[in-house]
Enquirer: 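Attaching a single structure in structure tokens format; questions to follow.
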2 protein chains.
Amino acid sequence: MYSIGDLSRRTGVKIPTIRYYEQMGLIAAPERSEGNQRRYEKRELERLAFIRHARDLGLSIESIRDLLALSQHPERPCGEADRIAKEHLITVREKIAQLQKLERELERIVACNGDHTIGDCYVIRALADHSMCGTDH
Amino acid sequence: MYSIGDLSRRTGVKIPTIRYYEQMGLIAAPERSEGNQRRYEKRELERLAFIRHARDLGLSIESIRDLLALSQHPERPCGEADRIAKEHLITVREKIAQLQKLERELERIVACNGDHTIGDCYVIRALADHSMCGTDH
DNA sequence: TCCAAATCTATAGCTTCTGGAGCATTAGAT
DNA sequence: ATCTAATGCTCCAGAAGCTATAGATTTGGA
């Protein structure tokens, strides 16, 4: 039996976050001690670790809910789980591409060395005038 | 004189967002028409375009507030503006690196082709068992 | 037994918007 | 001048995913 604090330490999920996940229905409401404190079993530790890992990978609460539901049915085909992961991979790749565009833009903007005044600062001017951009965004 | 709708069309910032920026103090409360509608000048159009551009580059409202304050003082040295942009570039690069780690992880996980069952699905197992990961996160 | 640490509930706040309800104003056509 | 469709107003709630606070209670160890 783990207290909520134990669970938090073992999974790295903060205590209020565990309670939040319970509220969101990602984990079931656990048994309570005589004094009404949450008491968890190993099963719930594993489930929370699963959630933590998926969150670390950037999956949304919604996707995780779906994956957890799927994992309750080991006999079903896994195409759906595969689809969720693949879809997420696509969004991750899009995000990377987007950020790399920003990186290039910022690199150009930051080329100013800070030894002059705001009046002719490239950072400020570049932000004020979109037409100075190299890429579209 | 622009109405809020004009401003929105010209800058690509949605109307409620413009009102939100006003509330947040990024743009000043403009003049009003007799009937209490917002009426903007070119100055405010430019300021909003600046904000839009900076947001597109991912700068926080706080950073933008600072940059706008700086731009009011063209005679001051621009080291601070430079610092804000450089700092942002660093966080962008960190985000990219983080996402690339996730990309590699997801690529490995997704290698499953969806033609079997949940019971032995690599997606599900990889999420359940952190030790299957190639990288730390 | 006593006390500090942990936990409880309920609620509000964070960030950056976005959307809706219900009503008022405006611009353009007639 | 009048009508009407589009636009604007304020206020409030919600989205995502937590985080923090307050004030009360429970727990575990000395």
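The sequence lines fix the lettering, A, B, ..., with proteins before strands; numbering per chain opens at 1.
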Enquirer: Report the distance from atom OG1 of B:T11 to atom CD1 of B:I51, rounding to the nearest 0.5 Å.
Expert: 9.5 Å
Enquirer: Is there a side-chain contact between B:L45 and B:L48 (heavy atoms, below 4.5 Å)?
Expert: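 Counting from C-beta outward, B:L45 and B:L48 never come under 4.5 Å.
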Enquirer: Would B:R65 and B:E62 pass as an ion pair if we require N to O under 4.0 Å?
Expert: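 Yes, charged N to carboxylate O under 4.0 Å.
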Enquirer: Keeping the roles fixed (side chain from A:E44, backbone from A:E41), state whether a donor-acceptor pair exists under 3.5 Å.
Expert: yes
Enquirer: Would you say that A:D56 contacts A:R52 through its side chain, given a criterion of any heavy-atom pair below 4.5 Å between the two side chains?
Expert: yes
Enquirer: Tell me, please, the opening and closing nucleotides of DNA chain C, 5' to 3', among those with an atom under 4.0 angstrom from a non-hydrogen atom of chain B.
Expert: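 Contacts span C:dT16 to C:dT26, reading 5' to 3'.
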Enquirer: Just list the side-chain donor-acceptor pairs under 3.5 Å for residues 13-29 of chain B, sequence neighbours left out, or say none.
Expert:
residue: B:E22; atom: OE1; partner: B:R38; partner atom: NE; Å: 2.7

Enquirer: Between which nucleotides of DNA chain D, read 5' to 3', does contact with chain A run, using atoms under 4.0 Å from its heavy atoms?
Expert: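 Both ends considered, the range comes out as D:dG17 to D:dT27.
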Enquirer: Using the side chain to side chain contact (heavy atoms under 4.5 Å, CB included) criterion, which residues pair with A:E103? Sequence neighbours excluded.
Expert: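 Expected list: A:Q100, A:E107, B:L89, B:V92, B:R93, B:I96.
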Enquirer: Which pair of non-hydrogen atoms, one from B:Y40 and one from B:P30, has the smallest distance, and what is that distance?
Expert: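 Scanning both residues, the minimum pair turns out to be CE2-CG, 3.4 Å.
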Enquirer: Under the rule for side chain to side chain contact (heavy atoms under 4.5 Å, CB included), what residues qualify as partners of A:R9, not counting sequence neighbours?
Expert: A:D6
Enquirer: For DNA chain D, which residues in residues 14-44 of chain A have a heavy atom at a distance below 4.0 Å?
Expert: A:K14, A:P16, A:T17, A:Y20, A:Y21, A:S33, A:E34, A:G35, A:Q37, A:R39
Enquirer: Could you state the interatomic distance from CZ (A:R47) to CZ (A:R43), rounded to the nearest 0.5 Å?
Expert: 8.0 Å
